[in-house]
Amino acid sequence: MLDVAIIISGSGSNLQALIDACKEENFPARIVKVISNNPDAYGLERAKKSGIETEVINHVDYEERQDFEDALDQSIKDSGAKIICLAGFMRILKGPFVNRWKNRILNIHPSILPAFKGLHTQERALEAGVRFTGCTVHFVSSDLDGGPIILQAITSIDQNDTADTLNAKVLELEHQIYPEALKLVASGRVRVSENRVRTEKTTFANISVINPLISK
Ligand code: GRF
């Protein structure tokens with residue numbers, strides 16, 4: 001059983017998907033702490049409802065980014081978590097923290113990386129006229145939205161889609177692949193080599209997942 005800490009900033013719908021997955025029988029991970037930099041994040045309520053320990057570590061209370069990241073680090077260490085999931089965490093993590101937790105921080109991003117890193121991804125997808133969008137679960141590196149990719153899922157963009165309809169479609173996929181990705185990692189079926197994720201052969205829920213590389 002792998003102990004996980006989740007860091008959020010907002011609504012926490014991905015957190016909810018992870019909470020629900022962890023309640024399933026034989027799920028190989030359990031959430032030991034939810035940390036938010038935003039004291040008003042609804043995700044904190046979701047965690048409390050499920051009896052999960054919460055903590056607010058507000059970045060505005062720290063003058064230096066380094067001190068904020070050290071506080072996060074300490075809190076996660078205290079929780080005993082061995083892995084971190086960022087779930088709608090709206091701060092950028094850098095250098096020492098990311099290095100300390102190398103290949104042990106997962107993030108979900110609402111685009112098919114490496115396309116549309118950063119914010120406003122669906123607006124930019126529409127502007128670019130691409131035919132597909134989706135989401136990516138990846139390990140966090142110091143390169144923004146640039147770490148090794150664990151899982152991706154796609155959906156098509158229709159003529160009358162708006163940023164809102166796309167956000168909703170993609171969010172639904174996020175809720176499916178984030179638990180799948182955590183399951184893969186927590187069951188030890190993921191390894192990273194040369195910045196790419198290799199996974200043991202596995203089956204996924206019935207969703208339009210672009211499989212990760214399958215090693216023989
Ligand atoms: C999601 O779209 C996620 O991809 C992005 O932030 C959003 C968070 O939503 N990183 P929620 O807080 O999980 O509902």
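Whatever order the structure lists ligands and atoms in, that order sets their numbers, starting from 1. Keep in mind the model is a prediction, meaning the values are calculated, not measured.
Here's the thing with A87: none of its N/O atoms is less than 3.5 angstrom from an N/O atom of ligand 1. For S13, a nitrogen or oxygen atom sits less than 3.5 Å from a nitrogen or oxygen atom of ligand 1, counting backbone and side chain alike. Among the atoms of M90, none of the N or O lies under 3.5 angstrom from an N or O of ligand 1.
G12 N, 2.8 Å is the protein heavy atom nearest to atom 12 (O) of ligand 1. Nearest protein heavy-atom contact of atom 10 (N) of ligand 1 is I108 O, 3.1 Å. Scanning the protein heavy atoms around atom 9 (O) of ligand 1, the nearest turns out to be N14 ND2, 3.9 Å.
Under the 3.5 Å distance criterion, with hydrogens and angles disregarded, a donor-acceptor pair is assigned to the side chains of N37 and S9. Under the 3.5 Å distance criterion, with hydrogens and angles disregarded, no donor-acceptor pair is assigned to the side chains of T121 and H109.
With salt bridges taken as basic N to acidic carboxylate O contacts below 4.0 Å, one links K33 and E55. Salt-bridge annotation for R46 and D20: absent, with no side-chain N of the basic residue lying under 4.0 Å from a carboxylate O of the acidic one.
Within a 6.0 Å sphere centred on NZ of K77, heavy atoms belonging to other residues, nucleotides or ligands number more than 12.
In this structure, the side chains of D158 and K169 come closer than 4.5 Å at one or more pairs of heavy atoms.
Contacts between E174 and ligand 1 below 4.0 angstrom, taking non-hydrogen atoms only, involve the side chain exclusively.
The G88 neighbourhood of ligand 1 comprises atoms 6 (O), 8 (C), 10 (N), with distances under 4.0 Å to a heavy atom of that residue.
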